[in-house]
Amino acid sequence: MFKLPGLPEHLLEDIMTCGFLGTKEVLNLGSTCKKLWGISKRNLVWKKLFKLKFPHLLNKESNLEVVLQSLVITHGSNTLGEDGNYHWMNVYHQTNLIMKALNEISATHNANLQLDDEDFETLLNYSKQFTFRLVLCVLRCLVGKRDLTTTYYANKALVYLKCCSLTEEIKQLVETSDPSMTLLMRGAMLVSDWFKVETDIDQSEVEDFIRTSAQVIRDRSCDLTPLQATNHNFQQNFSGNQQNYYDISNSFIDDVIKTRRGIPITLCLIFREISSHVGLNLHPVACPSHFLLRMSNTGGYKFIDVFNGGKIQTFEELGSTEELLKTTTNVEVLLRICRNINAHSKYNNTSDLSLAERALNLSVLLEPTSEINRAERLKFLFRINKNLYTMLEDNRLVGEEFRGMAGIASREVIEARILSSIKLKLKEKKKTRKIKFRSADENARVMFSVGTVTRHLKYGYVCVVRGWDNYCDMSVRWQRLMGIPQLHDGATQPYYNVLVHGDGSERYAAQENLELLGGGSVVEHEEIGKYFHSIKHDDDDGKIYYEANQQLKLEYPEDMAHTITLCQQ
């Protein structure tokens, strides 16, 4: 090592963090002398380098530093830092690997292929190696704060990693014999956590609320019975969400505690948990269209309608129905919450199909031997042609009786279609994508380009073009089924792969059935980020078009210029 002339250390820090040197150059510079070696290892230097490389991870909205500090406290100084702090050099290195793994998924994920478990294997390994919370925090900072493609893959990775982390806990809950139902509230929190990729449920906050509420009841009970005191206190603070009954947040325990509004099942669970701390033993009763709490009483039962003001009725007043006496297990209660979430997503016409998919996956996880749950998942996945190996497993486990109930075809028919799709996907994976030039003579009739927002003349749906063929590239059988021979130009005209606004579907539309949409219209579709980098607005007439991401531009290199021209005309 040579001896460095006496430059002030703050100037040396500025040189290393000026933005012109990469991290390798900084480390190489540090290796030249002892003084530079010490400066190149400083936390402040690496924090500045981190901010230069990942500015979106250190803005006001990000809680990365909070997560890092908590990791130091939780895991000890040997994990991320020394003397109660964390090493920005380590954080930089780990974040860079996380981002690289995410970018590799985006770059190698063929536009016509699905994301499978192996696509997330590297990130899953990092979540174990770097701590799960750090990986989640980095991914969360990317969702909604970067381009559409990064947001798309970050969100997919979040859902996958979060579900992986909760799967074992949920399996243990299902396998645990719990006649006292002490784990029911924990199960309800796991359900909330399963659906919320943007946050983590703080179990301690919920537990603190329950304990505090119970203490207030004990302090103010006076001449009231425990049931009267609990009911009085609860109805002063909570109520049924009559005006917005189908809001999905009504099914999330943590949200109900925050808003003090809920539906029968979540209100009953909170009421039951509080009452258990003041000596009451209440049992949930899952009626077909309602949810109650049952309490053993001298000479019979009392039933508490928590949703409707805490009204207390006897067995005779409610009418003797078998459901009122049926024992409701933890799993049955959690399945009911899960079904409610799925039903509420359908009621609200959400285009987020991943919510319905997560609900079906959780139902199978909670009750793996249930053929009807697997049949419903098979039906859903078959409709959207996704997760082929999961479909294959469900198809082999579902009997004919449950196929009829779910309205799906026979095992042999579906298996043949799934295996055909798997072969096609494997073939597509090996095939080099064909580059399509608009300027080529054979493509002269192609009118629309990727990123243009169009409307279907016959069915009226709004959609965005994500690909095209200069003729119908589907089988003769498919063409007959879809009535292609009846079209004016039949199969010889250009056809377009389009993402349909609202219903989450992707369709193959003939050119004669599409028209360019005049006004600005944003297409909401779960797969938008898979193909497009950003939404562009034309300031003159308000038209909207979508900018293709890097992978789509490679396949259609001349399309974006044509899309811009179309929007300006």
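Heavy atoms only: backbone and side chains are in, while hydrogens, waters and symmetry mates are out. Here, residue 1 is the first one in the sequence, and each next residue gets the next number.
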**Student:** Which of these passes side chain to side chain donor-acceptor pair (under 3.5 Å) with R140: D200, T199, N155?
**Tutor:** D200
**Student:** Looking at side-chain heavy atoms only, is the closest gap between I39 and M16 below 4.5 Å?
**Tutor:** yes
**Student:** Please determine, by modelled atom types, if T150 and D147 share a side-chain donor-acceptor pair under 3.5 angstrom.
**Tutor:** yes
**Student:** Which pairs of donor and acceptor atoms, one on a side chain in residues 164-171, lie under 3.5 Å apart (sequence neighbours left out)?
**Tutor:**
from: S165; atom 1: OG; to: K162; atom 2: O; distance (Å): 2.7
from: T167; atom 1: OG1; to: C163; atom 2: O; distance (Å): 2.6
from: E169; atom 1: OE1; to: R186; atom 2: NH2; distance (Å): 2.3

**Student:** Can you tell me if S31 uses its side chain to pair, donor with acceptor, with the backbone of N28 under 3.5 Å?
**Tutor:** yes
**Student:** Can you tell me how the ring of Y126 sits relative to the ring of F130, calling it parallel under 30°, perpendicular over 60° and tilted otherwise?
**Tutor:** parallel
**Student:** Should we count CD of E121 as having more than 12 external heavy atoms under 6.0 Å?
**Tutor:** no
**Student:** Quick one: CZ on R336 to CG on L334, what's the gap to the nearest 0.5 Å?
**Tutor:** 12.5 Å
**Student:** List the steps, then state whether side-chain contact (heavy atoms from CB on, under 4.5 Å) holds for R466 with V498.
**Tutor:** CA-CA 6 Å; R466 71 95 177 151; V498 296; over 6 Å; no
**Student:** Which heavy-atom pair separates Y246 from N250 by the least distance, and what is that distance?
**Tutor:** N-ND2, 4.3 Å
**Student:** For the pair Y496 and F448, name the ring-plane relationship: parallel under 30°, tilted 30 to 60°, perpendicular over 60°.
**Tutor:** perpendicular
**Student:** Mind checking side-chain contact (heavy atoms from CB on, under 4.5 Å) for R396 and listing every partner two or more places apart, or none if nothing turns up?
**Tutor:** L392, E415
**Student:** Can you confirm whether L102 sits close enough to L142 that some side-chain heavy atom of one is under 4.5 Å from a side-chain heavy atom of the other?
**Tutor:** yes
**Student:** What pair of heavy atoms forms the shortest contact from A157 to L139, and how long is it?
**Tutor:** CB-CD1, 3.9 Å
**Student:** Side chains of W468 and D559: any donor to acceptor distance under 3.5 Å?
**Tutor:** yes
**Student:** So how far is it from D193 CG to Q203 CD, rounded to the nearest 0.5 Å?
**Tutor:** 9.5 Å
**Student:** Can you check whether R42 reaches M89 side chain to side chain, under 4.5 Å on heavy atoms?
**Tutor:** no
**Student:** If we ignore angles and hydrogens, is there a donor and acceptor under 3.5 Å between the side chains of T563 and S449?
**Tutor:** yes
**Student:** Which pair of heavy atoms, one from A359 and one from C338, lies closest together, and at what distance?
**Tutor:** O-SG, 3.0 Å
**Student:** Mind checking whether T122 and K100 have side chains closer than 4.5 Å, heavy atoms only?
**Tutor:** no
**Student:** When you check the side-chain N and O atoms of N96 and K53, is any donor under 3.5 Å from an acceptor?
**Tutor:** yes
**Student:** Atom OG1 of T259 and atom CZ of F252: how far apart are they, to the nearest 0.5 Å?
**Tutor:** 12.0 Å
**Student:** Please check if the distance between the ring centroids of Y152 and F532 is under 6.0 Å.
**Tutor:** no
**Student:** Of all heavy-atom pairs between I408 and A375, which one has the smallest distance, and what is that distance?
**Tutor:** CD1-O, 4.1 Å
**Student:** Any chance you could lay out the salt bridge (charged side-chain N to carboxylate O under 4.0 Å, His left out) test for E558 and K436, step after step, and finish with the verdict?
**Tutor:** CA-CA 8 Å; E558 299 174 346; K436 298 180 180 179; over 6 Å; no
**Student:** About how many Å separate CG of L36 and CG of L27, when rounded to the nearest 0.5 Å?
**Tutor:** 12.0 Å
**Student:** Under the side-chain contact (heavy atoms from CB on, under 4.5 Å) criterion, do C463 and H501 qualify, and how do the steps go?
**Tutor:** CA-CA 5 Å; C463 55; H501 170 72; over 6 Å; no
**Student:** How many angstroms lie between CD1 in I341 and OG in S251, if you round to the nearest 0.5 Å?
**Tutor:** 5.0 Å
**Student:** Can you list the steps and then say if R403 with N395 is a side chain to side chain donor-acceptor pair (under 3.5 Å)?
**Tutor:** CA-CA 9 Å; R403 289 173 185 278; N395 186 53; 2.8 Å; yes
**Student:** Decide yes or no for R411 and V398: does some side-chain heavy atom of the first lie under 4.5 Å from some side-chain heavy atom of the second?
**Tutor:** no
**Student:** Honestly, is R507 close enough over Y461, meaning NZ or CZ under 6.0 Å from the six-membered ring centre and within 45° of the axis?
**Tutor:** yes
**Student:** Say whether Y160 and D119, considering side chains only, have a donor N or O and an acceptor N or O under 3.5 Å apart.
**Tutor:** no
**Student:** Taking only residues two or more places apart in sequence, or in another chain, which ones meet R417 in a salt bridge (charged side-chain N to carboxylate O under 4.0 Å, His left out)?
**Tutor:** none
**Student:** For K51, look at atom NZ and say whether over 12 heavy atoms of other residues, nucleotides or ligands are found less than 6.0 Å away.
**Tutor:** no
**Student:** Between K530 and E527, is the salt bridge (charged side-chain N to carboxylate O under 4.0 Å, His left out) condition met? List the steps.
**Tutor:** CA-CA 5 Å; K530 188 175 180 179; E527 302 291 293; 3.4 Å; yes
**Student:** Could you give me the CA-CA distance, side-chain angles and deciding distance for E198 and V143, then say whether side-chain contact (heavy atoms from CB on, under 4.5 Å) is met?
**Tutor:** CA-CA 9 Å; E198 72 281 0; V143 174; over 6 Å; no
**Student:** If you measure only the distance, is there a donor-acceptor pair under 3.5 Å linking the side chains of E555 and Q551?
**Tutor:** no
**Student:** Any heavy-atom pair between the side chains of N373 and L335 that's under 4.5 Å?
**Tutor:** yes
**Student:** Within the 3.5 Å criterion, strictly below it, is a donor on N549 or T149 matched to an acceptor on the partner's side chain?
**Tutor:** yes
**Student:** Going by heavy atoms in the side chains, are T454 and V464 under 4.5 Å from each other?
**Tutor:** no
**Student:** State plainly whether the residues K379 and E376 are in salt-bridge range, i.e. N to O under 4.0 Å.
**Tutor:** no
**Student:** Backbone N or O of I263 within a donor-acceptor pair of the T266 side chain at under 3.5 Å?
**Tutor:** yes
**Student:** Identify the two heavy atoms, one from L388 and one from I418, that lie closest to each other, and give their separation to 0.1 Å.
**Tutor:** O-CG2, 3.5 Å
**Student:** Taking D394's backbone N and O only, do any of them form a donor-acceptor pair with R377's side chain (distance below 3.5 Å, no angle check)?
**Tutor:** no
**Student:** Hey, which of V450, V523, L499, L552 is the one that makes side-chain contact (heavy atoms from CB on, under 4.5 Å) with Y546?
**Tutor:** V523
**Student:** Looking at OG1 of T151 and CG of L158, how far apart are the two atoms once the value is rounded to the nearest 0.5 Å?
**Tutor:** 10.5 Å
**Student:** Can you name the one residue among N497, D473, D469 that meets side chain to side chain donor-acceptor pair (under 3.5 Å) with Y508?
**Tutor:** D469
**Student:** Between E25 (side chain) and G22 (backbone), is there a donor-acceptor pair under 3.5 Å?
**Tutor:** yes
**Student:** Can you confirm whether R374 sits close enough to F402 that some side-chain heavy atom of one is under 4.5 Å from a side-chain heavy atom of the other?
**Tutor:** no
**Student:** Kindly check if the number of other-residue, nucleotide or ligand heavy atoms within 6.0 Å of CE (M482) is above 12?
**Tutor:** no
**Student:** Please report the shortest heavy-atom distance between C141 and L57, naming the atom on each side.
**Tutor:** CB-CD2, 3.0 Å
**Student:** Would you check, one step at a time, whether the test side-chain contact (heavy atoms from CB on, under 4.5 Å) holds for F120 with K156?
**Tutor:** CA-CA 9 Å; F120 299 110; K156 291 289 184 185; 4.0 Å; yes
**Student:** Between K48 and W46, is NZ or CZ placed under 6.0 angstrom from the six-membered ring centre and within 45° of the ring axis?
**Tutor:** no
